[in-house]
Structure formats: structure tokens, C-alpha cells
Amino acid sequence: VQLQASGGGLVQAGDSLRLSCVASGRAFRSYTSAWFRQAPGKEREFVARVRSGGYDPAYSDSVKGRFTISRDNAKNTMYLQMNSLKPDDTAVYYCAAQWNGAGNGASNYAYWGQGTLVTVSS
């Protein structure tokens with residue numbers, strides 16, 4: 001499975017942005033998939049996760065209520081709608097797939113996209 005993230009950019013605080021992650025291969029549809037982010041000098045952190053069928057979303061406390069994860073398996077695509085963006089949301093955002101169910105750590109995902117940069121100015 002290959003993942004391609006896109007949709008990042010430079011926005012102002014309070015703005016919205018939607019990230020997309022397009023996957024190759026039908027196997028993506030059977031995987032729990034997620035978004036992570038990594039800010040400069042920090043470790044990669046979990047943002048949100050969605051089951052293969054698009055249900056049971058989970059979010060980190062820092063984005064809960066502002067971000068929404070979804071997927072369209074017919075298009076082999078996962079999305080992250082980001083509203084009310086804050087400067088602290090500035091990071092490279094990565095999509096990941098095939099969760100082993102062990103926890104929210106990055107090591108629990110087998111496939112990764114290349115990342116898309118989101119910069120939020122104050």
C-alpha cells in the first residue's frame with residue numbers, strides 16, 4: 001500500500017483546511033488508518049484514527065472537537081477536516097494505515113505517506 005498525503009498549506013489562526021490521503025491498492029479499504037503530525041523538534045504524535053468502515057473515530061485531546069477524520073473507500077481516500085486551526089497545529093501531517101491495535105504510537109502502523117506541511121500563523 002502506498003499513501004499520498006496532500007492539502008497542506010499556510011493559513012491563519014481560525015481558518016480551516018482539509019487534508020487528503022490517497023492510497024493505492026484495494027487493501028487500504030480493510031485497514032484502520034490514521035493521521036499523525038510532527039512539529040519541528042518534537043516526536044510524531046497521534047492525531048486521529050478511523051476504522052476500515054469509516055466508523056469509531058478517535059482523536060487526540062488536542063484536536064477533539066476541531067478536527068474530523070473520515071474516509072471514502074470507493075475513492076481509496078482518507079480525509080482530515082481541520083477547523084479552528086491554531087499556531088500549535090503547525091506540523092507536517094502524515095497519513096498511516098494498517099493499525100495493529102496495540103495503541104496510538106506511530107510504531108503500530110505499517111504504511112506511511114510522505115507528509116504534507118500545515119503552517120498556521122497567528
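R66 pairs by the salt bridge (charged side-chain N to carboxylate O under 4.0 Å, His left out) definition with D89, not counting sequence neighbours. Shown here are the ring-ring contact (aromatic ring centres under 6.0 Å, His included) partners of Y31, two or more places apart in sequence or in another chain: Y111.
With values rounded to the nearest 0.5 angstrom, W35 atom CH2 is found 14.0 Å from S60 atom OG. For the atom pair CZ (F67) and OG (S62), the distance works out to 7.5 Å, reported to the nearest 0.5 Å. Note that OG1 of T90 and CG of L85 are 8.5 Å apart. Values are rounded to the nearest 0.5 Å. Atoms CZ and OH, on R49 and Y59 in that order, are 11.0 Å from each other to the nearest 0.5 Å. Residue Q38 holds its CD atom at 9.5 Å from CD of E45, rounded to the nearest 0.5 Å. Distance check: R51 CZ to S33 OG gives 11.0 Å after rounding to the nearest 0.5 Å.
For the pair N73 (side chain) and S52 (backbone), a donor-acceptor distance under 3.5 Å is present.
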Identify all side-chain donor-acceptor contacts of residues 1-20 below 3.5 Å with residues at least two apart in sequence or on another chain.
| from | atom 1 | to | atom 2 | distance (Å) |
| --- | --- | --- | --- | --- |
| D15 | OD2 | Q12 | N | 3.1 |
| S16 | OG | N83 | OD1 | 2.9 |

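In the hydrophobic clustering of this structure, V63 does not group with F46; members are Ile, Leu, Val, Met, Phe, Trp, Tyr whose side-chain heavy atoms approach within less than 4.5 Å, directly or through other members. Taken together through direct or relayed side-chain contacts under 4.5 Å among Ile, Leu, Val, Met, Phe, Trp and Tyr, F36 and V92 form part of one hydrophobic cluster.
Of all heavy-atom pairs between S30 and A27, the closest is OG-O, 2.7 Å. Minimum heavy-atom separation, Y93 to V47: CE2-CG2, 4.4 Å. A96 and M78 make their closest contact through O-CE, 4.3 Å (heavy atoms, listed as atom of the first residue, atom of the second, distance).
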V120 and K86: CA distance, side-chain angles, deciding distance, side-chain contact (heavy atoms from CB on, under 4.5 Å) verdict: CA-CA 6 Å; V120 184; K86 306 175 181 179; 5.5 Å; no

side-chain contact (heavy atoms from CB on, under 4.5 Å) evaluation trace for D72 with Y79: CA-CA 8 Å; D72 184 342; Y79 304 99; 4.1 Å; yes

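No side-chain donor from either of R26 and N76 sits under 3.5 Å from a side-chain acceptor of the other.
A parallel orientation is assigned to the rings of W99 and Y109, their planes being inclined by less than 30° (bins at 30° and 60°).
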